**Q** 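One structure is given below, represented as structure tokens, and several questions about it will come after.
All residue numbers in this chain count up from 1 along the given sequence. The model shown is predicted, which means the values in this text are computed figures rather than measured ones.
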Amino acid sequence: MNTQTTANTTISQEDIRIPGRVSGILVHPTSFPSPYGIGDLGPGAYDFIDFLAASGQHLWQTLPLGPTGYGDSPYQGPSAFAGQPLLISPDRLIEQNLLTKEDLEDMPVWDEDKVDYGPAIAFKTSLLKKAWASFLHTPDKTMIENFEAFCDAEKDWLDDYALFMACKDDQKGLSWLEWEDGLRDPSEKEKKLLRQKFSEQIQYYSFMQFLFQEQWDDLRSYAHENQIQIIGDIPIFVSTDSADVWSGKKLFQLNEKGYPSQVAGVPPDYFSATGQLWGNPLYDWDYHAETGYQWWIRRVRRQLALTDYLRIDHFRGFEAYWSVPADEETAVNGQWVKGPCEKLFQAIEKELGDHLPIFAEDLGVITPEVEHLRDSLGFPGMKVLQFGFGDMNDTTYIPFYYTTTNCICYTGTHDNDTTVGWYRAQPDIVQDRIRRMANVDGSNVGHDFICFAMGSIARYAIFPIQDLLQLGSEARMNTPGVAMANWAFRFKDGDLHKGLQDWLLETTKLYGRYYE
């Protein structure tokens, strides 16, 4: 039996392998119903798991679970290893006697349909600081012992992350590139002094990670009890303003001052005529190879301690990545540079076991070399229905033309418009094609696309919750290339009603994706 040993658990490949054809829902925890301005790991999350189980689903896909940075994007955060403190449930903290109901009395009135990140962050942070103050005086010895054990088990990433965040607070939130010299590139001796200086803030940030881990582990266990497996997500690149770059500068293509010399992006494509200039620092793959790809091994190990499967965003960047000079204003003037290819994944498999439970996000400019890398590793790729039906000359993503079961059929992704919004924007010829292929009138196109996905030969069928709820463009999660006003979608209590549950259960049974 192949296993993967992590700091927290041993993952058995046989345990997480799902039999047959399965389906599930894509939704980030920030979208869950919650009275606190943003979805969390409290009752709304458990209600969602109940809905999945009752409707015959066995997969839940999230976006990256880490803390967010500029623009509130889960793909641009201060750590590739940490969890998102904003997901910590105040209700659970009350159960642990870390908060009281009185702490919630001055809560703002929230928009049930959108996350207003500014006020939500301020409110949740105030609660988390109260929980930390309570912990400093807790008589609960078990909680204290568990916190200490967590800090010891996760110290390989937690120590630098907590120190980075403490320094960032000291520097009023500035990017580490703008910090004073003693903080920008501290030696190990200087780090020791900084840990003494900022000890209280370091403990606070460590405790937030402990709370996130406890609540996430409890929710994941509940999901497993209900035969729900979780698909996590990580971006291939990390943010420049992150603990990862600050503490591991040799891992990245930086100049002598620490600024990226080349940055990540993609050339002009379906989403943007000028490409997408992400601005993330690119990896120094030669240095990664010299170190046996240990940073990546640690990263994948950490994520597979949180989820059962792992979708890696922009998988094609491992075969070749789009390198753009850091002073460019768009991604047009970049070039393809060869990546580590199979060598990286061979190193990961050597330590974590064969048959890695990884999904390859293989969208965009895909070459035969990328396809060969994906297939040689056995990773399922993505088939997005909107791409197929929107291009009259491309059958790649239309389910009737699939040639392998080892793929994931999506109605759309977090980067797409909702299916209803997308359909409404299509020309008559595309709308007519969909109606005739599905033998429908187009009035329930979100559900029609779910049926397309369910009926495909793809082993996995996944659909954003917006398509299940048949919501329009107002419910879109992200618009690529637009920096602000993304990631805010929320659904409400009562949206996942009994009638919807029954429809989804019957549809899942109809297309052979149900098992008990």
Side-chain angles (χ1 to χ4, degrees), residues 28-48 62-69 72 74 77-79 82-140 142-144 146-147 150-151 158 161-162 164-166 168-170 172-173 198-219 487-493:
H28 199 49
T30 56
S31 298
F32 291 151
S34 166
Y36 307 112
I38 186 171
D40 57 40
L41 305 180
Y46 287 82
D47 290 344
F48 174 69
T62 76
L63 303 184
L65 294 167
T68 52
D72 308 307
S79 174
Q84 171 61 286
L86 293 178
L87 296 180
I88 295 170
S89 164
D91 293 304
R92 299 291 306 278
L93 298 181
I94 290 174
E95 294 172 5
Q96 293 177 288
N97 296 315
L98 293 173
L99 290 179
T100 66
K101 292 183 178 180
E102 288 72 26
D103 290 326
L104 308 176
E105 288 181 347
D106 296 328
M107 184 165 58
V109 177
W110 307 105
D111 185 341
E112 290 186 317
D113 298 314
K114 299 285 185 182
V115 178
D116 188 349
Y117 275 94
I121 290 171
F123 178 70
K124 288 294 288 282
T125 300
S126 70
L127 294 182
L128 295 175
K129 287 188 178 294
K130 289 178 181 178
W132 166 242
S134 296
F135 175 73
L136 292 176
H137 302 94
T138 184
D140 189 339
T142 300
M143 185 186 298
I144 295 172
N146 289 343
F147 174 50
F150 168 79
C151 291
L158 183 62
Y161 165 73
F164 174 80
M165 295 302 294
K168 198 169 183 65
D169 285 350
D170 180 71
K172 312 300 182 186
F198 300 131
S199 60
E200 184 173 343
Q201 277 297 88
I202 288 171
Q203 286 289 294
Y204 164 75
Y205 281 109
S206 298
F207 187 62
M208 293 305 103
Q209 291 305 305
F210 167 70
L211 292 178
F212 168 84
Q213 186 76 50
E214 276 205 326
Q215 292 193 8
W216 179 259
D217 285 348
D218 288 346
L219 181 64
W487 319 109
F489 166 75
R490 301 180 69 193
F491 68 93
K492 298 186 288 293
D493 277 325

**Q** Counting C-beta onward and ignoring hydrogens, is there a side-chain heavy-atom pair between Tyr204 and Met165 closer than 4.5 Å?
**A**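 Counting from C-beta outward, Tyr204 and Met165 never come under 4.5 Å.
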**Q** Side chain to side chain contact (heavy atoms under 4.5 Å, CB included) for Leu98 and Met143? Distances and angles first, verdict last.
**A** CA-CA 11 Å; Leu98 293 173; Met143 185 186 298; 4.2 Å; yes
**Q** Ignoring hydrogens, what is the shortest heavy-atom contact between Thr30 and Val115? Give both atom names and the distance.
**A** O-CG2, 3.9 Å
**Q** Can you name the nearest heavy-atom pair linking Pro35 to Met107, along with the distance?
**A**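 Heavy atoms of Pro35 and Met107 come nearest at O-SD, 3.1 Å.
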**Q** Tell me, do Asp140 and Gln96 make a side-chain contact under 4.5 Å, heavy atoms counted?
**A** no
**Q** Please, which pairs that meet salt bridge (charged side-chain N to carboxylate O under 4.0 Å, His left out) have at least one residue in residues 114-129, sequence neighbours excluded?
**A**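 Sorted pair list comes back empty.
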**Q** Which distance, rounded to the nearest 0.5 Å, do you find between the CG of Asp91 and the OH of Tyr46?
**A** 11.5 Å
**Q** Measure the CG-SG distance between Asn146 and Cys151 for me, rounded to the nearest 0.5 Å.
**A**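 The distance works out to 11.0 Å.
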**Q** Using modelled atom types and a 3.5 Å cut-off, is there a donor and acceptor pairing between side-chain atoms of Gln201 and backbone atoms of Asp169?
**A** no
**Q** Taking the ring of Phe123 and the ring of Trp110, is the distance between their centroids below 6.0 Å?
**A** yes
**Q** Can you tell if the side chain of Asp40 reaches within under 4.5 Å of the side chain of Gln215, non-hydrogen atoms only?
**A**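 Not touching, per the 4.5 Å side-chain cut-off.
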**Q** What is the minimum heavy-atom distance between Leu41 and Pro29, and which atoms define it?
**A** CD2-CB, 4.3 Å
**Q** Leu87 versus Trp216: any side-chain heavy-atom pair under 4.5 Å?
**A**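 They are not in side-chain contact.
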**Q** Do other residues, nucleotides or ligands put more than 12 heavy atoms under 6.0 Å from Glu200 CD?
**A**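 For Glu200, atom CD is not crowded (no more than 12 foreign heavy atoms under 6.0 Å).
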**Q** Check whether any side-chain N or O of Ser31 sits under 3.5 Å from a backbone N or O of Phe491 as a donor-acceptor pair, and report yes or no.
**A** no
**Q** Under 4.5 Å between any side-chain heavy atoms of Pro67 and Tyr161, yes or no?
**A**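 The answer is yes; the side chains approach within 4.5 Å.
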**Q** Atom CD1 of Ile88 and atom CG of Leu128: how far apart are they, to the nearest 0.5 Å?
**A** 5.0 Å
**Q** Using a 4.5 Å cut-off on heavy atoms from C-beta on, say whether the side chain of Ile121 contacts that of Asp72.
**A** yes
**Q** Determine yes or no for a side-chain-to-main-chain donor-acceptor pair under 3.5 angstrom, with Tyr117 supplying the side chain and Trp487 the backbone.
**A**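 Judged by distance alone, yes, a pair lies under 3.5 Å.
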**Q** Where do Leu63 and His28 come nearest, in terms of heavy atoms and distance?
**A** N-ND1, 3.1 Å
**Q** Which residue in the set Leu93, Ile144, Leu211, Asn97 passes side-chain contact (heavy atoms from CB on, under 4.5 Å) when paired with Phe135?
**A**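 It is Ile144; the other options fail the test.
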**Q** Sequence neighbours left out, what pairs pass ring pair (Phe, Tyr, Trp, His ring centres under 6.0 Å) with at least one residue falling in residues 88-109?
**A**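 Listed by first then second residue: nothing to list.
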**Q** How close do Ala131 and Phe207 get, heavy atom to heavy atom, and via which atoms?
**A** O-CE2, 4.1 Å
**Q** Supply the atom-to-atom distance Glu214 CD to Ser89 OG, rounded to the nearest 0.5 angstrom.
**A**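 One gets 12.5 Å once the value is rounded to the nearest 0.5 Å.
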**Q** Enter the distance from Gln213:CD to Phe147:CZ here, rounded to the nearest 0.5 Å.
**A**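 One gets 12.5 Å once the value is rounded to the nearest 0.5 Å.
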**Q** Does the pair Lys101 and Leu104 meet the rule for a side chain to side chain contact (heavy atoms under 4.5 Å, CB included), with working shown?
**A** CA-CA 6 Å; Lys101 292 183 178 180; Leu104 308 176; 5.6 Å; no
**Q** Restricting to non-hydrogen atoms, name the atom on Phe164 and the atom on Pro78 that form the minimum distance, rounded to 0.1 Å.
**A**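 Distance-wise, the nearest heavy atoms are CE2-CB, 4.1 Å.
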**Q** Among all residues two or more places apart in sequence or in another chain, which pass the salt bridge (charged side-chain N to carboxylate O under 4.0 Å, His left out) test with Arg490?
**A** none
**Q** CG of Asp47 to OG of Ser34: how many Å apart, nearest 0.5 Å?
**A** 11.5 Å
**Q** Quick one, Leu99 and Leu127 - any side-chain contact, counting heavy atoms below 4.5 Å?
**A** yes
**Q** Side-chain contact test, heavy atoms from C-beta onward, threshold under 4.5 Å: evaluate it for Ser134 versus Thr100 and give yes or no.
**A** no
